[in-house]
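A short worksheet on the structure shown next.
Residue numbering restarts at 1 for every chain, and letters A, B, ... go by the order of the sequence lines. Remember, predicted model here, so these are calculated numbers, not experimental data.
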Amino acid sequence: MYRAPRGTQDILPPEQPYWRYVEQKAAEICRLYGYERIDLPMFEDAGLFTRGVGEGTDIVEKEMYVFEDRGGNSLALRPEAGTASVCRAYLEHGLHNRPQPVRLFYLGPAFRYDRPQAGRYRQHHQFGCEAIGDADPALDAEVIDMAWQFFVSLGLGRFKIVLNSIGCKKCRPEYLSSLKEHYSPHTDEVCDDCKVRFQKNPLRLLDCRSPQCQPIADAAPKSTDYLCAECTEHYNDVKRYLGSLEIPFEENHRLVRGLDYYTRTVFEVQPEEGGAQSSLGGGGRYDMLIEELGGKPAPGIGFATGIERIILGLQKEIVPVPSISSPQLFIANMGHEARDAALKLSTTLRRNGTAVIMATGSRSLKAQLRQANNLNVPRVAIIGEDEVKTGTVVLRDMTTSQQESMPVGKLLELFK
RNA sequence: GUGGGUGUAGCCUAGCGGUUAAGGCGCCAGGUUGUGGCCCUGGAGAUCGAGGGUUCGAAUCCCUCCACUCACCCCA
């Protein structure tokens, strides 16, 4: 027996209302903020991600699905649904010629080869948006506001915004050296991962959760104390805007995020009760990324959310979601001639916009009605030999159990 | 990649060494020569995750593998 590959899942009809709900809320938020949809390839040149997301990141180093196609190209299933691909598309299609910033959103799968667990899958789905071409801190505020409003509109109650600034290429080197200075007396006490981080990616020392590293990380210098004048002003503006928008946020000097492209503002949406997967979504500014990908410099900011994690949250908080409507009419039929008539009637009704299911197979009327009942169809049209002879149908209301014989024409009239 | 937990029909569960593996939900059919939901009756559906071992005898004990799951790393 074949099974869905590890870390992937089938989204069966009973789960679909959650997905429709989240997608619809995402589209609505984007409409309100003027973000337009973009759909991107599921795979790209592997280099886009190693360059964009960063060579030394876990995502690229150990989680990316890389493969060679028959033409010998090195491709990768996208490990994030949006940012890198959107930037590539921005360059490829000359989107800098459109009014800046360009505001885009996307919704779709991303792929990471890690061990699955609750809220973590090898194929998961992200909704995110990007605003490229403007470094205004008001845009940072707009994007964080969007993320906030998105979660509010979903009806999720227990989450928070965590904020930090990790500076730019001008001020970060000084911060990093002071960070390493702080850690260097402790290189023996620190966990094995942090020993590597100390060498390879000192910034990430800060988001270690290993117990022995906590006191050291907590006492570490804060990036916000080392920001250059421009970054300080930018960060202060972002906070001021968020304040005036009355968006509650909490600063955390240890929030750094594991992707290389972030500059200045980074933020995360986290559940209030810190579950296993601490992040429902996150994002930040990436002012060097476009340039890094070979384009004329252009700043950008964006965020991405994990749909599976959102749905888990909706189910945990028992947020009601609209159900998907059942067909309006079920057509039961007995005998060959009735089948012909039922088939014709079904099609006529559908062409008029009525959702119809016709019974197939050769089951008893009783079985057909049972099926209609189980499918939650509110009304059933019954066609047997008598009805064929007289050109009528029996229309049964499944909620009241009332039924009435009528000419086919009247039925069509009723469903117009 | 590392650690814990769990694997009995589509789903949930009983059985934890002894003859044909039990029940509930769901599905199908009958109880009404053309009428659903409730009730009653019946039926289909399981190589008891796989392989090996112990034993007269294994779903049950042991070993190996696999899968699922939760957690770590890290992220959505």
For this session: Return no unless some side-chain N or O of A:Gln117 is found under 4.0 Å from OP1 or OP2 of B:C70.
Result: no
For this session: Scan A:Arg204 against the nucleic acid and name what it touches under 4.0 Å (heavy atoms): base, sugar-phosphate only, or nothing.
Result: sugar-phosphate
Problem set entry | Whole-Å distance separating the CZ atom of A:Arg122 from the C1' atom of B:A76 | 16 Å
Exercise. Partner of B:U41 by Watson-Crick or G-U wobble geometry, both contacts under 3.5 Å, or none?
Worked result: B:A29
Exercise. Paired with B:A22 by Watson-Crick or G-U wobble geometry, both distances under 3.5 Å: which nucleotide is it?
Worked result: B:U13
Problem set entry | salt_bridge(A:Glu23, A:Arg20) N-O dist < 4.0 Å | yes
For this session: Could you check whether A:Ala81 gets within reach of a base, just the sugar-phosphate, or nothing at all, counting any heavy atom under 4.0 Å?
Result: nothing
Exercise. Between B:A44 and B:C62, how far is it from one C1' atom to the other, in whole Å?
Worked result: 37 Å
Problem set entry | Residue whose closest nucleotide on RNA chain B lies nearer the 5' end, A:Pro5 versus A:Arg363 | A:Arg363
Problem set entry | Residues A:Lys62 and A:Asp114 bridged, charged N to O under 4.0 Å | no
For this session: Could you give me the CA-CA distance, side-chain angles and deciding distance for A:Asp207 and A:Arg257, then say whether salt bridge (Lys or Arg N to Asp or Glu O under 4.0 Å) is met?
Result: CA-CA 8 Å; A:Asp207 67 5; A:Arg257 305 189 45 80; over 6 Å; no
Problem set entry | G-U wobble or Watson-Crick pairing nucleotide for B:C48 (cut-off 3.5 Å, both distances) | none
Exercise. Hey, what's the ring geometry for A:Phe303 with A:Phe127, parallel, tilted or perpendicular (30° and 60° as the breaks)?
Worked result: perpendicular
For this session: Can you tell me the distance, in whole Å, between the CZ atom of A:Arg6 and the C1' atom of B:U69?
Result: 9 Å
For this session: For B:G23 and B:G5, measure between their P atoms and round to the nearest Å.
Result: 33 Å
For this session: Specify the separation, in whole Å, of atom CD of A:Gln371 and atom P of B:C27.
Result: 10 Å
For this session: Take the protein atom CG of A:Asp58 and the nucleotide atom C1' of B:U2, then report the distance between them rounded to whole Å.
Result: 14 Å
For this session: Could you give the distance separating B:U8 and B:A14 at their P atoms, to the nearest angstrom?
Result: 11 Å
Exercise. Does B:U35 have OP1 or OP2 sitting under 4.0 Å from an N or O in the side chain of A:Ser364?
Worked result: no
For this session: Return the orientation label for the A:Phe198 and A:Tyr183 ring planes: parallel under 30°, perpendicular over 60°, tilted otherwise.
Result: tilted
Exercise. Between the base of B:G31 and the side chain of A:Lys366, is there a donor-acceptor distance below 3.5 Å?
Worked result: yes
For this session: Measure from the ring centre of A:His125 to the centre of the six-membered ring in the base of B:A76, then say whether that distance is under 5.5 Å and the planes meet at under 30°.
Result: no
Problem set entry | Given A:Ile38, A:Leu104, A:Val102, the one that forms side-chain contact (heavy atoms from CB on, under 4.5 Å) with A:Tyr90 | A:Val102
Exercise. Considering heavy-atom distances to RNA chain B, does A:Lys62 or A:Gln126 have its closest nucleotide positioned more toward the 5' end?
Worked result: A:Lys62
For this session: Rounded to the nearest angstrom, tell me the gap between atom OH in A:Tyr2 and atom C1' in B:C68.
Result: 20 Å
Problem set entry | B:C38 and B:C28, which share atom name P, separated by this distance in whole Å | 13 Å
Exercise. Is the closest basic N to carboxylate O distance between A:Arg31 and A:Glu28 below 4.0 Å?
Worked result: yes
Exercise. With a non-hydrogen cut-off below 4.0 angstrom, is A:Asp207 in contact with a base, only sugar-phosphate, or nothing?
Worked result: sugar-phosphate
Seminar exercise, completed: For B:A58, the nucleotide meeting Watson-Crick or G-U wobble distances (both under 3.5 Å) is none
Exercise. Does any nucleotide pair with B:G34 by Watson-Crick or G-U wobble geometry, both distances under 3.5 Å, and what is it?
Worked result: none
Problem set entry | A:Arg115 (side chain) and B:G3 (base): donor-acceptor pair under 3.5 Å | yes
For this session: For B:U6 versus B:A59, give the span between their C1' atoms, rounded off to a whole number of Å.
Result: 15 Å
Exercise. Is there a side-chain polar atom (N or O) of A:Gln403 under 4.0 Å from OP1 or OP2 of B:U35?
Worked result: no
Seminar exercise, completed: Taking B:G34, B:G37, B:A76 as options, the one with an atom nearest any side-chain atom of A:Asn373 is B:G37
Exercise. Does any N or O donor sit under 3.5 Å from an N or O acceptor when you compare the side chain of A:Gln368 with the base of B:U35?
Worked result: no
Exercise. When you compare B:U20 with B:G7, how far apart are their P atoms, in angstrom units rounded to a whole number?
Worked result: 24 Å
For this session: For the pair A:Tyr65 and A:Tyr113, name the ring-plane relationship: parallel under 30°, tilted 30 to 60°, perpendicular over 60°.
Result: perpendicular
For this session: Ignoring hydrogens and angles, answer whether the base of B:G34 and the side-chain atoms of A:Glu387 contain a donor-acceptor pair closer than 3.5 Å.
Result: yes
Exercise. Which part of the nucleic acid, if any, lies within reach of A:Phe127 when heavy atoms closer than 4.0 Å are counted: base, sugar-phosphate only, or nothing?
Worked result: nothing
Exercise. Starting at CZ of A:Arg78 and ending at C1' of B:A76, how long is that distance when rounded to a whole Å?
Worked result: 13 Å
For this session: Starting from P on B:G30, measure out to CG on A:Leu365 and report it in whole angstrom.
Result: 11 Å
Problem set entry | Separation of B:C70 P from A:Arg309 CZ (nearest whole Å) | 12 Å
For this session: Quick one: label A:Ile382 by what it contacts on the DNA or RNA (base, sugar-phosphate, nothing), any heavy atom closer than 4.0 Å.
Result: base
Problem set entry | C1'-based separation of B:G51 from B:G42 [nearest Å] | 39 Å
For this session: Establish whether the base of B:U35 is bridged to the side chain of A:Arg370 by a donor-acceptor pair shorter than 3.5 Å.
Result: no
Exercise. Expressed as a whole number of Å, how far does the C1' atom of B:G24 sit from that of B:U60?
Worked result: 23 Å
For this session: Look at A:Asn374 and B:G37 and indicate whether a side-chain polar atom (N or O) is within less than 4.0 Å of OP1 or OP2.
Result: no
Exercise. Who is the Watson-Crick or G-U wobble partner of B:C68, with both distances under 3.5 Å?
Worked result: B:G5
